[in-house]
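The residues of the chain are indexed from 1 along the displayed sequence.
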Amino acid sequence: MKYFITLLLLVNFNLGFSQDYKFNLLTKYIVNQEDREWERIVYSNVDDSNYFLSLNKTQDENLAYLSDMKNKIVHHFYFIENIENGEIYFTFKFIKSEKLKPISLTSNFRFKFETIKEDSSFKTIKMTGYKNKKMTKIGGISELKVKKHPKNLFPLYRFSYMHLFEYRTDIDLGENCIVESSKIVGELKLECHLAYYKEIALVLKI
């Protein structure tokens, strides 16, 4: 069974402005921490990393969030999942729009990237997070395995996985690559890997 969207039905809402959001890539990152596992399903545009559409399934409800960092707004939706001919289809119902609020808790964090291994297809990157702007207090270290790609898809990884930093557009590896996997260096057992990647063609008009 194919697990992801092949058809997207949306309604044009009168929110005081209108914008077309184009998506051409669908990904799923799976995160593992000790005995817990969860997934992050995200639609993105490889040519514009200023907005992402994420799907979040819970036991009680299915919610989708279109986060627009450039215009500092988040659109909220319910989504319904239907299966037809082995394909899963989603329909969306608008809930509300609200201002995107910066996360002050991590505003002083800075990141440094170092290549520690490289071959013809992959790089291993050491990503060091610092708690202060002067970059003297280490907050954590991760190892990233990245694969060469025609576009810079690090912002997709940041939005999908780096909780509390997902809106920090200044945090960027700045290379044409996609993050295949990452793990925390140290006692904390936290890893993630790219489980699904599919090129798509969707337009959402709001």
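- Of the possible polar contacts, none joining the Asn45 side chain to the Ser49 backbone as a donor-acceptor pair under 3.5 Å is found.
- Atom CD1 in Ile178 sits 12.0 Å away from atom CG in Leu144 (nearest 0.5 Å).
- Residues meeting the side-chain hydrogen bond (donor to acceptor under 3.5 Å, both in side chains) test with Tyr78, sequence neighbours left out: none.
- Note: Lys137 NZ to Asn108 CG = 10.0 Å, rounded to the nearest 0.5 Å.
- Ring to ring, His76 and Tyr65 are close: their centroids are under 6.0 angstrom apart.
- Side-chain atoms of Asn50 and Asp68 form no donor-acceptor pair, as typed in the model, at a separation below 3.5 Å.
- Inspection of the Glu191 and Asn32 side chains reveals no N or O donor paired with an N or O acceptor under 3.5 Å.
- Put simply, the side chain of Leu156 reaches to within 4.5 Å of the side chain of Thr27, judged on heavy atoms.
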>> If you apply the rule salt bridge (charged side-chain N to carboxylate O under 4.0 Å, His left out), what do you find for Lys57 with Glu81, and how did you get there?
In response: CA-CA 10 Å; Lys57 298 174 64 176; Glu81 181 179 303; 3.0 Å; yes

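- In this structure, the side chains of Tyr51 and Met69 stay at 4.5 Å or more apart for every pair of heavy atoms.
- Phe109 has its side chain out of reach of Asn132: every pair of non-hydrogen atoms, C-beta onward, lies at least 4.5 Å apart.
- Its side chain outside the 4.5 Å cluster rule for every partner, Ile80 clusters with none of the Ile, Leu, Val, Met, Phe, Trp and Tyr residues.
- For the salt bridge (Lys or Arg N to Asp or Glu O under 4.0 Å) test, no residue two or more places apart in sequence or in another chain qualifies with Lys133.
- With sequence neighbours left out, Asp60 forms a salt bridge (Lys or Arg N to Asp or Glu O under 4.0 Å) with no residue at all.
- When the options Phe111, Tyr157, Phe154 are evaluated for a ring pair (Phe, Tyr, Trp, His ring centres under 6.0 Å) with Phe165, the one that passes is Phe111.
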>> Assess the residue pair Glu175 and Lys123 against the criterion (salt bridge (charged side-chain N to carboxylate O under 4.0 Å, His left out)); give the C-alpha distance rounded to whole Å, side-chain angles, the decisive distance to 0.1 Å, and a yes or no.
In response: CA-CA 11 Å; Glu175 296 186 16; Lys123 278 186 179 183; 3.0 Å; yes

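- Heavy-atom contacts from other residues, nucleotides or ligands closer than 6.0 Å to CG of Asp119 number more than 12.
- Here CD of Gln19 is found 9.0 Å from CD1 of Ile73. Values are rounded to the nearest 0.5 Å.
- Judged as a ring pair (Phe, Tyr, Trp, His ring centres under 6.0 Å), and not counting sequence neighbours, the contacts of Phe52 are Phe159.
- Side chains of His149 and Tyr197: a donor on one and an acceptor on the other come within 3.5 Å.
- Relative orientation of the Phe94 and His75 rings is tilted, given thresholds of 30° and 60° on the angle between their planes.
- The local environment of CD in Glu199 is sparse, with at most 12 non-hydrogen atoms from other residues, nucleotides or ligands closer than 6.0 Å.
- No donor-acceptor pair closer than 3.5 Å links the side chain of Tyr161 to the backbone N or O of Ser182.
- Taking a cutoff of 4.0 Å between a charged side-chain nitrogen and a carboxylate oxygen, Glu143 and Lys145 do not qualify as a salt bridge.
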> How far apart are the C-alpha atoms of Lys28 and Glu39, what are their side-chain angles, what is the distance that settles it, and do they pass the salt bridge (charged side-chain N to carboxylate O under 4.0 Å, His left out) test?
Replying inline: CA-CA 7 Å; Lys28 178 173 76 170; Glu39 61 184 33; 3.6 Å; yes

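- Separation of atoms OG (Ser181) and NZ (Lys147) is listed at 12.0 Å; rounding is to 0.5 Å.
- Remark: aromatic rings of Tyr21 and Tyr43 are distant, center separation not under 6.0 Å.
- The salt bridge (Lys or Arg N to Asp or Glu O under 4.0 Å) check on Asp35 picks up nothing, with sequence neighbours excluded.
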